[in-house]
Amino acid sequence: MDFLYEIRVGLSNAIFECYGLNIHHNDIQVSETRKEFNGDYTYVVFPLVKELKLKPTDIAKKLGSTLVDNLDIVVGYECVQGFLNLKLSDSFWIDCLHRISKENKYGYATSNYKKVLVEFASPNTNKPLHLGHIRNILLGWSCSRILIANGYDIINTQIVNDRGIAICKSMLAWQKFGSGSTPQSTGIKGDHFVGDYYVLFEKAFVEEYSTFQQTAEAQIVYVESGSSDTKEDFFKKYKNQYFNTYSTLGAEARTMLLNWEKGDQSTLELWRQMNQWVYEGFDVTYRNMGVDFDSIYYESDTYLLGKDVINDGLDKGYFYKKDDGSVWVDLSNAGMDQKILLRNDGTSVYITQDIGTARQRYLDHKMDGMVYTVADEQDYHFKVLFEIAKRMGEPYADGLHHLSYGMVDLPTGKMKSREGTVVDADDLIDEVIEEARILSAERGEIESLSKPDQENILRKIGLGALKYFIIKVQPQKRMTFDPKESVDMQGQTGPYIQNAYVRIQSVKRKMTDNVHIEWNQYEEINEFEKTLIRHLINFPDIIKQAGEQLDPSTIANFAYALAKDYHRFYHEVRILNAETEAAKIFRTVLSDRTGYVLMTAMDLLGIEMPERM
RNA sequence: GGUUCCGUAGCUCAGCUGGAUAGAGCAACAGAUUUCUAAUCUGUCGGUCACAGGUUCGAAUCCUGUCGGGAUCACCA
């Protein structure tokens, strides 16, 4: 759907006709004319000046008059220096709206028959989701929606880190201190319940550690280390080592991990139970956020994968074996380092699992590519992973993308779990909904609705504010999350865009006439209508661009600008009591299509629209 | 130190595949509702686009360097 095709071809032809230069219409760029000048679209003639050795204004004038002669849709032009500003006919704009109205899924591309897995969320099972996960989930989900709009067949997936020392800590703490309590018996959401035991473990461990530091044994460790640090500083750094050596709790946790790896029945049973609680909790959060997954992978199933893939690659000469038996890949000729793939005891490392999981996913889904939504601290990891996949000639290697994003900071600085500054996802969601409730009560607009309807609207508004606040920022940028601003519902926010949509729905409810009658009779459009249409015709390009760059913020900014244009239009132009019947119908259709595009754009961001607010 | 990402208004962010006088929102101030939802609209105030060079008719945008901040450079995941 290229609305400006005719203009580009016209310009290409005019350049050839006037100067004999051949410029393909795909290479002709027209941009929207800035509002301080007269015109709708601008063609910059400077690039032609060098070749033609003529004055910019002369070229612009000649092309302008040629276009007016040759194209019906160009009704005027104005030249400012090397800028040719073209004015298009009202019928052109009206025709654009006609074309948009005829589309079933305006903005969406047709299928490209390619399948892509989008991985996001991927939590650990020892604690609840936090603000960082929210950014991850919003980005992943949104990119998934955007890729669907670009014609891809999408599978949403995640890799759940359900094994390892962390979950064993929670298990151990529950065994020791839980006295048989459950999420049901305590009324605590499952993921928080398990997370609480993780915290309990840490607390007990710290106590044990500080007791140890008073002992003679500790004194010997300190002295024998020959460290120049004070005793206090020394033991700050020694914590991990203590966990792996002297700590009783550490030993117990490690024993539990070993038992798990051996397949000990009672350990597995406890592990399954605790993870089950966590999943039940996660499901609630996912449901509240409006996201779901098609295919979930668990680290407990995949952590042994990859070894055979590596051995296969070893046989084919992609990798090499060191004297100690460990397997490496040398990526120095690609600007990277040497990377270990298998330890000398044959066990795998992190990247080995990823290689194995990727191949497993290919066996399961035969995808053409994958998008990994993972924070930018792992940029190098994915560079290495993708290079390895390429060298092994994996069939999906060319379709691998790392959707990298910056960390979320608080106004007070970084989130740190040790300092208790982590913002919990469920708390945050509750807060924004409560804020929506307060503001809604002041307005009183939805009071007459049923309780469940009201709750549904408040959820949409609160989450709309939160999600938009996060998704409007470009992924690669580190962002500051100010809880106060995240619940703002005025200005450049989700609710502002929702409000434009709600106004449109209100107009539509009150439009009782038959909108399906012809609206060709409308002939002269005003600047507010034109601005809206000019904005609407960009939508397919915006979707394409967002897909190519895996950048939802493109859509977010587009939706805001469109809502802004609509609010202005709504304020300046009468719709239901327009001057003429033709105007009334035209404006209703224009409103309806704007509403449709706003809703579609917000859907691509994972944000729902209320009908009233 | 090597690599990499970021640096635009007091704050949060757009604009970056080179185009006209760099835009929004928030905050502050002044206005708009007998009219379709005021979570709206209009106006005022606010800038060394980190800095210095270079390429170009033209640079916030591309290149080089400097400064500042983050990340990464594990037989951790």
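Letters A, B, ... are given to chains in the order of the sequence lines, protein chains preceding strands, and every chain is numbered from 1.
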*Asks:* Considering just the side-chain nitrogens and oxygens of A/Lys383, establish if one lies under 4.0 Å of OP1 or OP2 belonging to B/U72.
*Replies:* no
*Asks:* Within the 4.0 Å heavy-atom criterion, would you say A/Pro47 contacts the bases, only the backbone, or no part of the nucleic acid?
*Replies:* base
*Asks:* What interatomic distance, in whole Å, is found between P of B/A74 and the corresponding atom of B/U66?
*Replies:* 24 Å
*Asks:* Side chain of A/Lys414 only, please: which of B/C36, B/G70, B/U56 is the nearest?
*Replies:* B/G70
*Asks:* Grab the CZ-P distance between A/Phe528 and B/C41 for me, whole Å please.
*Replies:* 13 Å
*Asks:* Taking the minimum atom-to-atom distance to the side chain of A/Arg478, which one of B/U37, B/G70, B/C75 wins?
*Replies:* B/G70
*Asks:* Can you see whether A/Tyr405 has A/Arg135 sitting over its ring - NZ or CZ less than 6.0 Å from the centre and within 45° of the normal?
*Replies:* no
*Asks:* So what does A/Thr480 touch, heavy atoms closer than 4.0 Å: a base, only the sugar-phosphate, or nothing?
*Replies:* sugar-phosphate
*Asks:* Can you tell me whether the side chain of A/Asp488 and the base of B/A27 have a donor-acceptor pair closer than 3.5 Å?
*Replies:* no
*Asks:* Both A/Thr33 and A/Gln378 contact RNA chain B. Which one's nearest nucleotide lies toward the 5' end?
*Replies:* A/Thr33
*Asks:* Considering only the C1' atoms, how many Å lie between B/G46 and B/A38, rounded to the nearest integer?
*Replies:* 26 Å
*Asks:* Taking the same atom, P, in B/G31 and in B/U8, what whole-Å distance lies between them?
*Replies:* 34 Å
*Asks:* Checking all strands, does A/Asp337 fall into the base, sugar-phosphate, or nothing category for heavy-atom contacts under 4.0 angstrom?
*Replies:* sugar-phosphate
*Asks:* Compare the ring of A/Tyr560 with the six-membered ring in the base of B/A24 and state whether they stack (centres under 5.5 Å, planes under 30°).
*Replies:* no
*Asks:* Name the nucleic acid region contacted by A/Gln474, choosing base, sugar-phosphate or nothing; use a 4.0 angstrom heavy-atom cut-off, strictly under.
*Replies:* sugar-phosphate
*Asks:* Which part of the nucleic acid, if any, lies within reach of A/Val502 when heavy atoms closer than 4.0 Å are counted: base, sugar-phosphate only, or nothing?
*Replies:* base
*Asks:* Give the rounded distance in Å between these two atoms: CG of A/Asp27 and P of B/U17.
*Replies:* 16 Å
*Asks:* Using the side-chain heavy atoms of A/Arg568, tell me which of these nucleotides is nearest: B/U35, B/U37, B/U42.
*Replies:* B/U42
*Asks:* How about A/Asp40 and A/Leu86: do any of their side-chain heavy atoms sit closer than 4.5 Å?
*Replies:* no
*Asks:* Reading RNA chain B 5' to 3', what string of ( ), [ ], | and . shows its pairs, if Watson-Crick and G-U wobble pairs count only when both distances fall under 3.5 Å?
*Replies:* (((((((..((((.....[...)))).(((((.......))))).....(((((..]....))))))))))))....
*Asks:* Would you mind telling me which of B/C57, B/A77, B/U72 lies closest to the side-chain atoms of A/Val349?
*Replies:* B/A77
*Asks:* Between A/Phe37 and A/Phe569, who's closer to the 5' end of RNA chain B by nearest nucleotide?
*Replies:* A/Phe37
*Asks:* Remember a base hit wins even if backbone is also touched, and classify A/Leu342 as base, sugar-phosphate or nothing at under 4.0 Å, heavy atoms.
*Replies:* nothing
*Asks:* Using a cut-off of 6.0 Å, state whether more than 12 heavy atoms not belonging to A/Lys61 lie near its atom NZ.
*Replies:* no
*Asks:* So, for A/Ala578 and A/Arg587, which heavy atoms are closest and what is the spacing to 0.1 Å?
*Replies:* CB-NH1, 3.4 Å
*Asks:* Need one value for A/Met407: base, sugar-phosphate or nothing, where a base atom within 4.0 Å counts as base even if backbone is also close, heavy atoms only.
*Replies:* nothing
*Asks:* Rounded to whole Å, please give me the gap between CD in A/Glu442 and C1' in B/U40.
*Replies:* 16 Å
*Asks:* Out of B/C41, B/U37, B/G23, which has the shortest distance to the side chain of A/Arg34?
*Replies:* B/G23
*Asks:* Counting just side-chain N and O atoms, does A/Lys477 come under 4.0 Å of either OP1 or OP2 of B/C13?
*Replies:* no
*Asks:* Roughly how far apart, to the nearest Å, are B/U21 and B/C73 at atom P?
*Replies:* 47 Å
*Asks:* Are A/Phe46 and B/G58 stacked, counting the six-membered base ring, centres under 5.5 Å, planes under 30°?
*Replies:* no
*Asks:* If I take atom CG in residue A/Leu439 and atom C1' in nucleotide B/U40, what distance separates them, rounded to the nearest angstrom?
*Replies:* 15 Å
*Asks:* Could you work out which one of B/U72, B/U37, B/C41 sits closest to the side chain of A/Arg509?
*Replies:* B/U37
*Asks:* Counting the atoms with a prime plus P, OP1 and OP2 as sugar-phosphate, which does A/Lys564 contact under 4.0 Å by heavy atoms, base, sugar-phosphate, or nothing?
*Replies:* sugar-phosphate
*Asks:* Under 4.0 Å, heavy atoms only, any strand: does A/Gln476 hit a base, just the sugar-phosphate, or nothing?
*Replies:* sugar-phosphate
*Asks:* Expressed in angstrom and rounded to an integer, what is the separation of A/Leu410 atom CG from B/U12 atom P?
*Replies:* 13 Å
*Asks:* Give the nucleotide from the list B/C36, B/A20, B/U12 with an atom nearest to the side chain of A/Lys472.
*Replies:* B/U12
*Asks:* Which part of the nucleic acid, if any, lies within contact of A/Val49, taking any heavy atom under 4.0 Å across all strands shown: a base, the sugar-phosphate backbone alone, or nothing?
*Replies:* nothing
*Asks:* If the plane angle is over 60° it's perpendicular, under 30° parallel, otherwise tilted; pick one for A/Phe243 and A/Phe201.
*Replies:* perpendicular
*Asks:* Which part of the nucleic acid, if any, lies within reach of A/Glu299 when heavy atoms closer than 4.0 Å are counted: base, sugar-phosphate only, or nothing?
*Replies:* sugar-phosphate
*Asks:* Within a radius of less than 6.0 Å around NZ of A/Lys544, do more than 12 heavy atoms belonging to other residues, nucleotides or ligands occur?
*Replies:* no
*Asks:* Measuring only the C1' atom in each nucleotide, how far is B/G47 from B/C11? A whole number of Å is fine.
*Replies:* 14 Å
*Asks:* Which whole-number value in Å describes the distance from A/Met609 CE to B/U37 P?
*Replies:* 17 Å
*Asks:* B/U61 P sits how many Å from A/Gln29 CD, rounded?
*Replies:* 18 Å
*Asks:* According to a cutoff of under 5.5 Å between the ring centres and under 30° between the ring planes, does A/Phe83 stack with the base of B/G19?
*Replies:* no
*Asks:* Looking at the base of B/C13, is there any donor atom on it, or on the side chain of A/Asn557, that sits under 3.5 Å from an acceptor on the other one?
*Replies:* no
*Asks:* Could you tell me whether the side chain of A/Met407 reaches within less than 4.5 Å of the side chain of A/Glu377, counting heavy atoms only?
*Replies:* yes
*Asks:* A/Tyr303 vs A/Trp260 aromatic rings, parallel, tilted or perpendicular, using cut-offs 30° and 60°?
*Replies:* tilted
*Asks:* Please give the distance between the P atoms of B/C45 and B/G23 as a whole number of Å.
*Replies:* 14 Å
*Asks:* Of the listed nucleotides (B/U4, B/C41, B/U37), which one gets closest to any side-chain atom of A/Glu572?
*Replies:* B/C41
*Asks:* Between P on B/A24 and CD on A/Glu485, what's the gap in Å once rounded to a whole number?
*Replies:* 19 Å
*Asks:* Please tell me whether A/Tyr350 and A/Gln378 have a donor and an acceptor in their side chains that are separated by less than 3.5 angstrom.
*Replies:* yes
*Asks:* Rounding to the closest angstrom, what is the interatomic distance between B/U64 and B/A59 at atom C1'?
*Replies:* 15 Å
*Asks:* Can you see whether A/Asp379 engages A/Ser404 through a side-chain donor-acceptor pair at a distance of less than 3.5 angstrom?
*Replies:* yes
*Asks:* Heavy atoms from C-beta onward define the side chain here; which of B/A38, B/C41, B/A22 lies closest to that of A/Tyr570?
*Replies:* B/A38
*Asks:* Give one of base, sugar-phosphate or nothing for A/Thr42, where a contact means two heavy atoms less than 4.0 Å apart.
*Replies:* base
*Asks:* Quote, to the nearest angstrom, the C1' distance that separates B/G70 from B/U33.
*Replies:* 48 Å
*Asks:* I'd like to know if the side chain of A/Thr42 pairs up with that of A/Thr33 as donor and acceptor (distance under 3.5 Å, no hydrogens or angles considered).
*Replies:* yes
*Asks:* Among B/C57, B/U4, B/U72, which nucleotide has an atom closest to any side-chain atom of A/Tyr380?
*Replies:* B/U72
*Asks:* Which atoms form the tightest heavy-atom contact between A/Asn161 and A/Glu299, and what is the distance?
*Replies:* OD1-OE1, 3.3 Å
*Asks:* For a quick check of understanding: with a heavy-atom distance under 4.0 Å over all strands, which category does A/Asp354 fall into, base, sugar-phosphate or nothing?
*Replies:* nothing
*Asks:* Hey, does A/Val573 reach any base, or is it just sugar-phosphate, or nothing, if we go heavy atoms under 4.0 Å?
*Replies:* base
